[in-house]
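Worth knowing before you read on, the calculation uses all heavy atoms, side chains too, and leaves out hydrogens, waters and symmetry mates. Every number for a ligand or one of its atoms is a count from 1 in the order of the listing. Remember, predicted model here, so these are calculated numbers, not experimental data.
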Amino acid sequence: MLKGCFITGSDTDAGKTVVTAGLLAACRALGADALAVKPVQTGCSVSDGVMTAPDILRYQELAPGAQTLVLETLEAVCSPCLAARLAGAQAPAVHGLLARLEQELSPVARQGRGIVLVEGAGGLFAPLNPRETMLDLIRALRARHDLPVLLVAPNRVGCINHILLSLEALEARSLRPLGLILTRTGELEPAIAEDNHAVTAEHARRFGVPLLADIPYLAALGDPRGNDIAIARAELARCLLPAAKLLLAGRDAAGGEPKREAEAVSLHSGKREVCLPPEEVLAIDRDHLWHPYTSALHPLPVREATSARGCRIRLRDGRELVDGMSSWWCAIHGYGHPALVAALQDQAAKMSHVMFGGLTHEPAARLARLLLPLLPAGLNRLFLVDSGSVAVEVAIKMALQYWRLAGRPKKTRLLALRGGYHGDTTGAMSVCDPVTGMHTLFSGVLWRQYFVERPSCRFDAPFDPACMVAAETLFAERGEEIAAVILEPVLQGAGGMWMYHPEYLRHMRALCDAHDALLIFDEIATGFGRTGVFFASEHAGVAPDILCLGKALTGGMMSLAVTAASEGVAAGLSRRPNAPGLPDAGGVFMHGPTFMGNPLACAVACASVETLLVSPWQARVQAIERQLRRELEPCRAFSGVADVRVLGAVGVVEMRNPVDVAVLQDFFVDRGVWIRPFGRLIYLMPPYVIDEDELSLLTAAVADAARVVSQAGDA
Ligand SMILES: *Cc1c(COP(=O)(O)O)cnc(C)c1O
């Protein structure tokens with residue numbers, strides 16, 4: 001996360017460069033490290049093969065010795081898009097600029113310890129390339145690095161119009177600037193200049209944007225060789241001190257001591273908003289909020305997270321933790337990915353939600369068009385729901401209705417695997433592992449289902465047909481009652497992180513076909529590349545009749561899940577009785593959650609799936625797999641470790657005894673990582689975008705924990 005701001009203008013020649021240079025000097029006067037970045041510099045001149053960037057020269061004139069960085073240079077004096085075309089070069093693109101910026105920044109700047117001043121080119125809608133404008137770059141920097149905007153405007157005739165248009169455009173994209181700075185680029189009738197000042201200040205105030213400076217016309221700036229240049233420089237830096245202080249305060253607010261006051265200036269929106277002090281957050285949480293699988297009266301301690309970017313979660317006390325959990329399988333692109341944030345903001349501005357009864361919308365259709373070619377063969381009917389557990393409920397209900405309408409009323413049971421996990425609602429719970437899924441507690445109330453042992457054959461061991469015997473026997477005895485088999489293909493998640501042989505799925509498909517049972521794959525955890533292939537069922541090349549997706553579907557931005565069904569299942573659910581005595585559902589499937597097909601969730605799911613598809617996700621997951629193997633495998637040597645297993649971007653160290661979650665949680669946070677074990681399992685499933693060093697931090701912490709727990713057990 002960067003500290004500083006993006007400096008944009010209401011117009012071209014607004015005075016951005018002078019303001020940037022002045023801020024460099026003012027930051028330095030306040031004892032802060034500052035760097036000016038020009039992502040794209042047009043109007044460069046070449047002499048003796050050396051490209052000279054005019055704005056960089058200007059920074060050096062006005063803030064001698066300043067640190068500067070320019071990413072792309074172009075010769076023509078026009079938009080970056082046109083200048084690139086004239087030069088026969090590829091136009092700059094947001095993702096490329098972002099990647100280079102992240103690469104070339106010093107570690108000090110990258111860690112938010114120095115001020116970074118990014119100066120745009122032209123105004124907000126200056127074209128970067130045929131598809132993107134400066135505004136897209138601003139948006140990406142905000143999403144990825146929480147970098148606020150500073151708007152610079154010339155105090156000249158016509159500026160009120162330009163300033164208001166810019167403020168509106170920023171406001172419409174939730175990019176309210178940190179402040180407005182007026183500059184005088186020439187001599188102006190004092191009455192006009194003063195009126196411009198008063199009117200823009202008043203309008204800006206209504207937008208919640210302070211006028212931070214109105215820099216007088218400094219004639220000497222036009223002639224850096226003149227005698228008055230030193231005075232002009234000093235005057236410029238003095239005018240910009242309040243703005244520089246605001247940038248530095250932002251840095252402290254985000255990174256330093258927690259704020260005591262109830263009211264804090266939020267860097268994000270640039271407006272004053274009411275924030276609860278951290279003690280109160282924790283007190284309210286402790287007294288009133290339930291957490292997952294936790295006692296209300298004696299909860300385990302929690303920590304306040306305040307923001308998350310990339311693969312890091314930031315805590316209230318300023319500590320940053322490398323995320324090893326992807327927030328339970330979800331955040332595959334890391335946090336705050338600009339494409340996902342933009343998709344959410346754009347859709348929110350258009351239409352956050354409408355009922356799906358009687359209405360449809362483009363995000364839902366677009367999501368369907370995107371998903372259908374990716375799904376296992378034959379699945380072409382989608383039911384869009386709000387969470388994974390509900391997707392499972394819908395799948396179960398589909399299976400029951402299917403057989404009921406088919407005139408097979410005895411088919412009311414599901415067959416599930418021990419060690420499985422399918423969600424926490426009552427129907428889903430009935431197919432979870434009967435022991436860890438708390439069946440005993442609810443016995444007599446929950447639906448009674450059939451269970452077989454989890455497949456004993458490891459993913460990477462030779463397949464042993466003996467592991468099918470339990471299911472074969474059950475089908476032989478009870479096939480008449482089994483409506484469907486439900487399982488997590490290849491990787492059982494929350495029920496034990498067990499990875500089994502794909503061949504099992506082929507045999508199960510055959511058993512289902514032989515005994516008239518539907519096959520339901522729950523890929524809520526395994527979908528979207530986690531096991532190295534897009535859907536885990538691809539390891540076996542087997543298609544289910546019903547498929548549940550969720551979790552990483554939206555890249556962790558919103559709750560959304562899908563139950564996909566084959567045409568045959570859809571037809572079966574719509575069947576009308578063709579013989580007397582058969583039940584009639586009126587041709588409909590009776591389910592329809594309030595937030596079905598939520599447009600926000602669909603829009604962000606589209607962005608997430610598209611982002612995944614254009615990324616080198618296979619290579620990333622493979623690289624994570626290799627590194628997890630290499631770095632976790634040595635844990636086998638510890639006496640307390642029962643097993644180490646890795647598949648795709650999932651690495652598991654299974655201990656011999658249950659671990660103390662609270663103790664290990666502290667242990668991990670102290671090491672700067674976010675890892676949450678459960679039962680006997682310490683495991684990692686990082687975002688796919690994690691880099692090698694960050695992943696090594698995670699694996700080293702897991703290995704340390706396994707060693708310490710083993711030593712404690714030995715003692
Ligand atoms: C998480 C999960 C669910 C439940 O999804 P929720 O969104 O938490 O309701 C169901 N099945 C599997 C395999 C899961 O991992």
With a 4.0 angstrom cut-off on heavy atoms, strictly below it, pick out the residues next to ligand 1 and order them by chain and number. Ser387, Gly388, Ser389, Tyr421, His422, Gly423, Glu488, Asp522, Ile524, Ala525, Lys551
Atom CE of Met355: over 12 foreign heavy atoms under 6.0 Å: no
Over 60° means perpendicular and under 30° means parallel, so classify the ring planes of Phe475 and His515, tilted if in between. parallel
Of Gln627, Glu633, Glu625, which is the lone residue that meets side-chain hydrogen bond (donor to acceptor under 3.5 Å, both in side chains) with Arg629? Glu625
So do the side chains of Pro502 and Glu538 get within less than 4.5 Å of each other, counting heavy atoms only? no
Can you check whether Tyr335 reaches Arg312 side chain to side chain, under 4.5 Å on heavy atoms? no
Take the angle between the ring planes of Tyr504 and Tyr500 and call it parallel below 30°, perpendicular above 60°, tilted in between. perpendicular
